[in-house]
Amino acid sequence: MALISPSEKDFITKGIEADMRNDGRSRIAYRDFTIETGIVSQASGSCRLRLSKTDVLIGVKVEIGDIISNTTSDNNNEQEQDIVNNQNESDKGRIVCSVECSPSASRDFEGKGANDINNELSQIMNRVLNGPQGGIDLKSLCIIPGAQCWIIYVDVLVLDYDGNLLDTIFLATRAALQNTRIPKTEIQDIGNGQLEFDISDDIEDAEKIKGWEDVPVTVSLNKIGQKYIVDATAMEELCTDTKIIIAVNRNGEICAMQKSLYGSLNPSLLTEMIRTAKDIGKVLIKNLDTTLEHEQVMASRANNKKFGFFI
Amino acid sequence: MEIIFNTPSAPKETENIENKQNFHIVTPGEQITSDPAFMRGHGTYTQEDVVMASVAGVVERVNKLISVKPLRTRYNAEIGDVVVGRITEVAQKRWKVDINGKQNAILLLSSVNLPGGVQRRKTELDELNMKSFFSEGDLIGAEVQAFFHDGASSLHTRNLKYGKLRNGSLVVVPPALVRRCKSHFYTLPCGVDLILGLNGYIFVSKHPDKKSEELSPEELYSNKNEEITFYQRSAIARVCNCIKALAKHYMYINDSIIIYAYEASLPYKISDLLHDDICEVIVEKAKLQIEMQQTL
């Protein structure tokens, strides 16, 4: 467990009270992001997003799998079960997320320390993304109803850590899903009600995931002292009494909420926090989408040389 | 509300500093010399009589011994070094201190000052009261006194300039950037105190109202911060951001370059100092100032 001294804690808390955080930011200011997409050639979609020192790499892979309906499943995998329980229909695909925090990222992730946080983050992602609130049109992932569908695997690797991990992960997921292409399938009827399908090899034919525009991003609000802040650094997270995670989509609709840690909240403060999260979430999505568009325009230009992680 | 998404850009063409300043920078696996007369030191290995670098850094030569000083490394303590550390464990008659080294440093109960400055052997009662001096998480300023057999360094705080740190925040930079100099304790003109730990931990705090000699015995080990005004808090934040900017551009860090960077940063808002482009402007300005001073 990372340590902090009582006087540092007092300094941070009083600074937040005075709207002058340790790095000079105001309470509702974010640090700068650095984004790259489409960097992992083996994946269907990928993104690396950095927020100061926090560094997240996401690979999305689409694979064909069986549709497991609630009644027939005898799956032992707990997380998969969790997702399956949420869907009773037999004409939907699914999204499976897993987060892995690299032990080199933080002292807290060494040994078995990362297990808890890996599980927590994976579960939040699975719960937010699987369902109507997740934005993605799960029905469009279905290939043969009751039999086969596309499964979107979202694998998150945390390379470095300096606070506000969840917001970074969700923004990167949105960017990676925007970047993902699913191959086209063609269904054939081979008689007696049997269906068969072919996967198109043509890369040009691959389609974007339907509904990626509606994938929400999270805004984590940390209550420190009597005030709350967004985009906490690792040090500020150590001073946090209560944390509220709010998932917002591009229309400013709240898609999910979670309270963590042991502190309490005033209902009036909670409404204020939700309003802030809504406003910030919309700006986050707007700016992210503009950057992604810009990146695509740049990439399509001739003699454009790409720079970044895998160069 | 301003939220910025950057995309990675082309590395900037920089002038070749190797020729200008007589540096030799190497990357792992790069050949340093094939002359068999040289001996290999830290950060190197030999392959077929060729000395190669095993780390990325600057080549240093002492007579026939060649070593590479890595840029990113853990701190290697030397006796007499001023360090800033964080207490991680309270054990039998000693504290374990994180100083960003390969192993935790040790602060013995016998190497701290008692409140009130009384000189006597430490009793069992003192041992029971250890947590009231320093407890887990506390930041301390200390000096490296000696080494144990296993290589762990032994610290001491038997001077009023060392001891518990309050009224400020910690900035962490690569230890290679902090150079040894006459003093590591500074008061900047903007009313901010600095402790440049050689281990890369830099403590930036408000200049205290009372000198450390005037503190009452209880205040010496207290966890309570003094009253800090908004102006002082902004000055601390600005200095912290300047240090981070310098570290981002791998500039060495001492008092004068921090002052120059601080002056260069004054036209900008403190939170703007987090943006990459503004960091670059400030560091360039500070660098020019230093070069001008050297040519005078």
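Here the structure is a predicted model, which is why all the values come from computation and not from measurement. Proteins get letters first, then strands, A, B, ... in listed order; numbering begins at 1 in each.
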Rounded at 0.5 Å granularity, tell me how far CZ in Arg31(A) sits from CD1 in Ile4(B).
14.0 Å
CD on Glu8(A) to CG on Asn223(B), rounded to 0.5 Å:
10.5 Å
What one should report as the nearest heavy-atom pair of Phe5(B) and Thr291(A) is CB-OG1, 3.2 Å
Which atom of Asn6(B) lies closest to which atom of Asp32(A), heavy atoms considered:
ND2-CB, 3.9 Å
For [X], is it the side chain, the backbone, both, or neither that has a heavy atom closer than 4.5 Å to a heavy atom of chain A?
X         : result
Asp98(B)  : side chain
Leu273(B) : neither
Lys224(B) : neither

What residues of residues 131-141 of chain B sit under 4.5 Å from chain A when only non-hydrogen atoms are counted?
Glu136(B), Gly137(B), Asp138(B), Leu139(B)
Is it the case that more than 12 heavy atoms not belonging to Phe185(B) sit under 6.0 Å from its CZ atom?
yes
More than 12 heavy atoms of other residues, nucleotides or ligands under 6.0 Å from NZ of Lys244(B): is that the case?
yes
Heavy-atom pairs under 4.5 Å with chain A: which of Ile228(B), Thr7(B), Leu170(B) has the most?
Thr7(B)
Can you list the residues of residues 11-30 of chain A that sit under 4.5 Å from chain B, counting heavy atoms only?
Phe11(A), Lys14(A), Gly15(A), Ala18(A), Met20(A), Arg21(A), Asn22(A), Asp23(A), Gly24(A), Arg25(A), Ile28(A), Tyr30(A)
Just distance, no hydrogens or angles: give the donor-acceptor pairs under 3.5 Å from side chains in residues 220-227 of chain A, sequence neighbours left out.
{"residue": "Ser220(A)", "atom": "OG", "partner": "Asp167(A)", "partner atom": "OD1", "Å": "2.7"}
{"residue": "Asn222(A)", "atom": "OD1", "partner": "Thr240(A)", "partner atom": "OG1", "Å": "3.1"}
{"residue": "Lys223(A)", "atom": "NZ", "partner": "Ser264(A)", "partner atom": "O", "Å": "3.2"}

When you measure from the side chain of Asn287(A) to the backbone N and O of Ile3(B), does any donor-acceptor pair fall under 3.5 Å?
yes
Part of Leu171(A) lying under 4.5 Å from any heavy atom of chain B:
side chain
Checking Ser7(A) now: which residues fulfil side chain to side chain contact (heavy atoms under 4.5 Å, CB included) with it, not counting sequence neighbours?
Ser5(A), Arg166(B), Asn225(B)
